[in-house]
Amino acid sequence: LAWRVCGAFVDAVTVIVSIADIVTDVLVLLEFWRLGFRGFFLASAAIFALAQASYAFLFAATYAGHKSAKARMLVFLAVLPFSQLVPLFAWLEAFHFTRVDLALLSLGLRPTCTAAEPASDRDGDSLWGFLQTKYQSHAGFLVEAFVEAVPQAVLQTAFVVVARQSSALSVTSVSISIFTVASKGYLVSYALDYLTFVFNFSCIIADCLGLFAIVTHLALHGLQGRMSGVLCAAATAGFVLSVVAGHSLLWFTITDDHLKLLWPQRWPLGVRGVSSIFFDLYVVRYSAWLLAIVPCVVLFAGARLSLLPVVVLKSIDPDLVRHARFFRGLMNFLDGSGGGSPDRTLRLLTANTFISKCRRDVDRLTRSLRYVQKGTEAREVLLWARSVGLHEPLRGRGQAAQVVSAEDIALQRAILDSLRTTPADCAGAGDGAAQHTAAAAAVAALRRLRAVAWLRRQLRTGYAEMQMRSELFSADSASRAADERDRCSPVVALRLLAAGSLSLVAVCAVPLALCHSAVVTLSVALPAVQIAPACMASFASGSDSCPSGAAVVGDSTEVVSGVGGLPCRLAVAYCSVLLAALCMGPAVARRQLLWLDLADLRDFPEPFYGGAVLVEIRKRHLRDSVLREQLGHYLTEHVLTFLER
């Protein structure tokens, strides 16, 4: 009930703010015309036109994707004049009211599929279930935030600073736009614990405030200062490289899918969503790429600290959110809950040793789960977990199985080496500092080994995916290419274009990564570095003997309303949120380091992520703790090895 009330409140606020944002943006557009600022008027109108086209494209792709090319074009043109209402309609349609669905069906359109039941407390998380429903119903509002709200807010902020004119309408419009963007941050802030959730959300809020602080600084001072110049140069180079790489990647996907459609024997299922090669591959995809330029630029310019929750902390990692209860229970165990020694190092030793043995014995679990009755999987997992380490693991077939086995053995050795010197052992040692240093070095070696194993696994998986999904990388692609050359087929041009496009993406990858790293670093630092000068300028403006509401700009006095203090207020707000995130950072980092020190838990059978495995880990830790207390660490390891063998 609490989540339903919260969801209703979030929906109401989102809808009201969305309507208010559209209304205020239109009024500001008219104000640009009334004041004679034709450049700002045309820029604002262009943003509206792009948003209109994006909404109409979204509507046609979502509700008319099953229709012919001509019918989709007609739907696009029919919705275009009213497409500002598409986000509201998408939100309303997500509830699947009977009358709304029947109205769509009567028009020949197809309603969206009824969403699957959100992850419940049985296997997931009520917070994730809440966010999942908002992903589905607020998709239109997310498009609105990146296509319209941010560009309009940046334009209006630049107008306030450059034109030295401010009004209640423009301030309200900018505030609503900022709130519209920042309020969507909770959708990508999911975490197992609420502290990390607040940290993730704070990073997104800081990015939003920092973007507008940078805009006001550049509008007031231009490229004065080395940091501003380098930031603009890196951003411009990154934008150009992004366009080139994105355009090349677009042509690779188009030509590769075109090649697949020319080989129906090799690709009997064709390409999903393609009924007309020319329209679906060349017209629709190229139009989608053009419409995506603005939101991609917004992400490139605004995503800095937001990369922490999305990329580093993996807030929306499917494995994490699907088995939230399991991972939360494992985190609680590592934090000291339950019986046995509370030392985290010993708990990591127990968990990692058990997980590594599970990895080597997973084939036995997979085989046994094939023959169990539905509803008895938990009992089967419990029996299997009790016997893990007591059986010889099944031998895999082929080179791939040998590689995985070698990696598992190496990881097991690194785990034992990294945890061989425990705090309990160091307490009675003569040179405790040296042993602590050795233990730290072993832990670092384990992390390096895990990073290398992860990279190798990603490369193998990526190449296998490309072989399964791409004509250019398929196993018999070389023989078909030779046959095409012998026949001088026009298909050779498609294959060369695909290969050349992919090569251009590879060439742009490294400089693009360098430019983006520079943009992220400089844009994080710039608002904080400029906060003191901005506040001093604002204070000097307010203390001047000008009339009320006037600010000194250069050698002239112009009537403005708080324009001189705008960079200061934005910078102060940014630094406040950034400081709060930094205060939470150490606690969040300690929690996240647990996942770095923990053995890989991906790709186990679904029943594995239940309570039986956690119960067995706790039992083994309690057993090991009793033995260590009586026998010591090394003798305990020998006893456990003897018992298991």
Side-chain angles (χ1 to χ4, degrees), residues 192 323 325-362 364-365 381-391 393 408-427 435-436 438-440 442-447 449-450 453 590-602 604 608-645:
L192 292 178
H323 311 115
R325 167 167 279 198
F326 173 83
F327 285 105
R328 186 176 288 112
L330 185 58
M331 179 181 289
N332 291 335
F333 165 75
L334 296 175
D335 283 340
S337 66
S341 171
D343 185 80
R344 178 177 291 183
T345 304
L346 295 177
R347 288 174 177 262
L348 274 171
L349 172 61
T350 302
N352 280 335
T353 304
F354 180 75
I355 293 169
S356 298
K357 293 176 180 178
C358 288
R359 178 69 65 185
R360 302 191 65 192
D361 206 17
V362 68
R364 186 165 59 89
L365 174 63
V381 173
L382 179 61
L383 295 175
W384 170 80
R386 290 174 179 173
S387 62
V388 164
L390 304 181
H391 295 77
D408 289 338
I409 293 173
L411 282 173
Q412 274 192 320
R413 290 176 178 173
I415 289 168
L416 294 176
D417 290 341
S418 66
L419 300 169
R420 183 174 296 162
T421 305
T422 65
D425 297 326
C426 293
Q435 294 201 23
H436 273 295
V443 170
L446 169 63
R447 292 175 179 172
L449 181 60
R450 287 201 60 195
R590 283 194 299 270
R591 282 188 170 276
Q592 296 304 317
L593 282 176
L594 286 176
W595 305 117
L596 293 179
D597 295 333
L598 198 64
D600 186 22
L601 279 164
R602 297 176 183 273
F604 280 101
F608 174 88
Y609 302 98
V613 172
L614 294 176
V615 168
E616 185 62 25
I617 291 176
R618 292 176 184 272
K619 286 174 58 178
R620 295 197 180 200
H621 176 66
L622 184 61
R623 176 202 65 185
D624 297 352
S625 298
V626 173
L627 288 175
R628 286 192 182 92
E629 185 178 351
Q630 300 296 326
L631 304 177
H633 178 71
Y634 293 114
L635 187 56
T636 297
E637 292 300 317
H638 288 293
V639 170
L640 293 176
T641 302
F642 172 77
L643 290 176
E644 290 180 352
R645 290 182 177 178

Nearest-0.5 Å distance that lies between atom [atom1] in [X] and atom [atom2] in [Y]:
{"X": "Phe608", "Y": "Phe326", "atom1": "CZ", "atom2": "CZ", "answer": "5.0 Å"}
{"X": "Glu616", "Y": "Thr350", "atom1": "CD", "atom2": "OG1", "answer": "11.0 Å"}
{"X": "Arg618", "Y": "Leu330", "atom1": "CZ", "atom2": "CG", "answer": "8.5 Å"}

Would you mind reporting whether Phe327 and Leu601 have side-chain heavy atoms less than 4.5 Å apart?
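Sidechains of Phe327 and Leu601: in contact.
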Student check: side-chain heavy atoms of Leu365 and Val388 closer than 4.5 Å:
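Leu365 does not reach Val388 side chain to side chain.
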Less than 6.0 angstrom from the centroid, inside 45 degrees of the normal: does Arg347 satisfy that with respect to the ring of Phe333?
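Yes, Arg347 sits over the ring of Phe333.
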Identify the two heavy atoms, one from Gly340 and one from Ser625, that lie closest to each other, and give their separation to 0.1 Å.
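Nearest heavy atoms, Gly340 then Ser625: CA-OG, 3.6 Å.
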So which atom in Asn332 and which in Ser337 form the shortest heavy-atom distance, rounded to 0.1 Å?
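Of all heavy-atom pairs spanning Asn332 and Ser337, the closest is O-OG, 2.8 Å.
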Would you say Arg620 and Thr353 are linked by a side-chain donor-acceptor pair, where the criterion is simply a distance under 3.5 Å?
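No, no side-chain donor-acceptor pair sits under 3.5 Å.
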Quick one: does any side-chain atom of His621 pair with a main-chain N or O of Ser341 as donor and acceptor, under 3.5 Å?
yes
I need the single residue from Arg364, Arg359, Lys357 that forms a side chain to side chain donor-acceptor pair (under 3.5 Å) with Asp361. Which is it?
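Between Asp361 and the candidates, side chain to side chain donor-acceptor pair (under 3.5 Å) is satisfied uniquely by Arg364.
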